[in-house]
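What follows is a single structure, written as structure tokens, with notes after it.
One is the number of the first residue; the rest follow in order along the sequence.
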Amino acid sequence: MENTDAIKRFVRVAELGSFTKAADALGLPKASVSLAVQQLENRLGTQLLHRTTRKVQLTPDGQIFYERGKDVLAEMDELDSLFQTEDASIRGLIRVDMSYPMAHNIVIPHLPEFLDRYPNLQVDLCSTDRQVDLIAEGFDCVIRTGKLQDSGLIVRHLGVLKQTNYASPAYLAQHGVPLRLEDLSKHWLIHYCVNAATKFDMFEYWDGEACQRIPMPSRLSVNNADGYQAACLAGLGIIQAPLIGGAKLIAEGKLVEILKDFGAPAMPLSLVYPHRRNLSKRVRIFMDWLSDLVRQHTQ
């Protein structure tokens with residue numbers, strides 16, 4: 001068990017490139033993580049990490065040990081749960097990342113029933129608009145929207161999310177309701193920009209054959225989904241977003257759906273996870289539950 005704990009600490013340092021970040025992720029003092037890795041190196045008789053004041057990098061031997069160490073930990077996880085048949089016996093931590101609207105509107109409201117069934121599981125749910133590094137940041141799985149690049153990860157397609165156009169009643173009262181695409185010349189669009197690769201500063205719509213884009217001015221640019229929706233509610237302009245994030249607000253009269261025939265193209269939705277020979281039972285159970293839940297809200 002002492003060796004297993006040392007391998008776990010080394011793997012987290014290797015993935016995060018920092019003893020401090022690894023200690024924070026593991027909930028341990030930095031000194032204990034550093035000591036465990038040092039003792040591991042002493043037992044193996046080789047240096048696993050290059051340490052500088054700025055960063056920590058794997059040595060060639062460290063890279064080999066890291067790859068094998070991940071396999072060993074995965075197999076230990078699987079061995080621990082091999083004969084577990086009762087839900088209450090499944091235990092451990094699951095780390096997952098997804099967008100704020102997905103977490104807020106779909107997953108979190110249903111988590112109590114999942115955790116009631118598996119009372120010894122813990123879920124670390126992160127909601128970010130940036131694309132996290134699944135391997136380096138230690139996530140078991142992530143939900144991603146849009147077209148995916150070939151990354152060597154395993155992808156489970158979940159469906160597509162319908163997108164629509166929103167504005168607040170106050171904004172429409174001041175600027176009028178656009179009924180045709182030509183009317184957009186008199187309106188503001190809230191720009192959404194996480195980084196240079198994910199910049200949405202045009203009104204997009206599907207014409208039946210291709211995605212068309214109409215440049216529109218903006219008084220505000222935001223970099224996360226929460227701010228995007230909040231800006232729309234405040235009457236700062238029009239947004240284009242998945243229906244899952246706005247359906248409740250439409251029903252409550254806080255947002256109004258406009259130009260319904262000119263929605264942005266539907267967004268592919270995928271569950272992505274590392275290519276591992278043996279996924280732990282708890283991760284498989286969670287991913288199956290998450291996939292079934294999300295598919296109920298996709299097309």
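Annotation: side-chain hydrogen bond (donor to acceptor under 3.5 Å, both in side chains) contacts of His187 (sequence neighbours excluded): Tyr171. In this structure Asp24 satisfies the side-chain hydrogen bond (donor to acceptor under 3.5 Å, both in side chains) test with no other residue, sequence neighbours excluded.
Here the options are Val132, Asp97, Val142, Val96, the test is side-chain contact (heavy atoms from CB on, under 4.5 Å), and the partner is Cys126; only Asp97 passes.
Formation of a donor-acceptor pair under 3.5 Å by the Ser18 side chain with backbone atoms of Thr20 is found in this model. In this structure, Thr298 contributes its side chain and Leu158 its backbone to a donor-acceptor pair below 3.5 Å. Side chain of Arg282 to backbone of Leu93: a donor-acceptor contact under 3.5 angstrom is found. Not one N or O on the side chain of Asp292 forms a donor-acceptor pair closer than 3.5 Å with the backbone of Trp289. Gln212 contributes no side-chain N or O that, together with a main-chain N or O of Tyr205, makes up a donor-acceptor pair within less than 3.5 Å. Without hydrogens or angle criteria, Glu41 side chain to Leu48 main chain gives a donor-acceptor distance under 3.5 Å.
The NZ atom of Lys21 sits 11.0 Å away from atom CZ of Arg12, with the distance rounded to the nearest 0.5 Å. Note that OH of Tyr228 is 8.5 Å distant from CZ of Phe200, once rounded to the nearest 0.5 Å. The CD1 atom of Ile258 lies 9.5 Å from the CG atom of Leu179; values are rounded to the nearest 0.5 Å. Rounding to the nearest 0.5 angstrom, the gap separating the OG atom in Ser99 from the CG atom in Asp226 is 11.0 Å.
Side-chain contact between Arg43 and Leu40 is present, with at least one heavy-atom pair separated by less than 4.5 Å.
Between Arg95 and Glu15 there is no salt bridge, since no side-chain N of the basic residue sits under 4.0 Å from a carboxylate O of the acidic one.
Using a 4.5 Å cut-off between side-chain heavy atoms of Ile, Leu, Val, Met, Phe, Trp and Tyr, with links allowed through other members, Leu121 and Leu271 fall into the same hydrophobic cluster. Val294 and Ile154 fall within the same hydrophobic cluster, defined by Ile, Leu, Val, Met, Phe, Trp and Tyr side-chain heavy atoms under 4.5 Å apart, directly or through other members. In the hydrophobic clustering of ILVMFWY residues, with side-chain heavy atoms under 4.5 Å counting as a link, Val160 and Leu269 come out apart. Connection of Leu161 to Phe262 is not established within any shared hydrophobic cluster, with ILVMFWY side chains joined at heavy-atom distances below 4.5 Å, either directly or through further cluster members.
More than 12 heavy-atom neighbours from other residues, nucleotides or ligands sit within 6.0 angstrom of CZ on Arg51.
Between the side chains of Thr59 and Gln47, no donor-acceptor pair of N or O atoms lies under 3.5 Å.
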Show which side-chain atoms of residues 238-245 pair as donor or acceptor with protein atoms under 3.5 Å away, not counting sequence neighbours.
from, atom 1, to, atom 2, distance (Å)
Gln240, OE1, Glu204, N, 2.9
Gln240, NE2, Asn165, OD1, 2.9
Gln240, NE2, Glu204, O, 2.6

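The aromatic rings of Phe114 and Tyr118 sit tilted relative to each other, their planes meeting at an angle between 30° and 60°.
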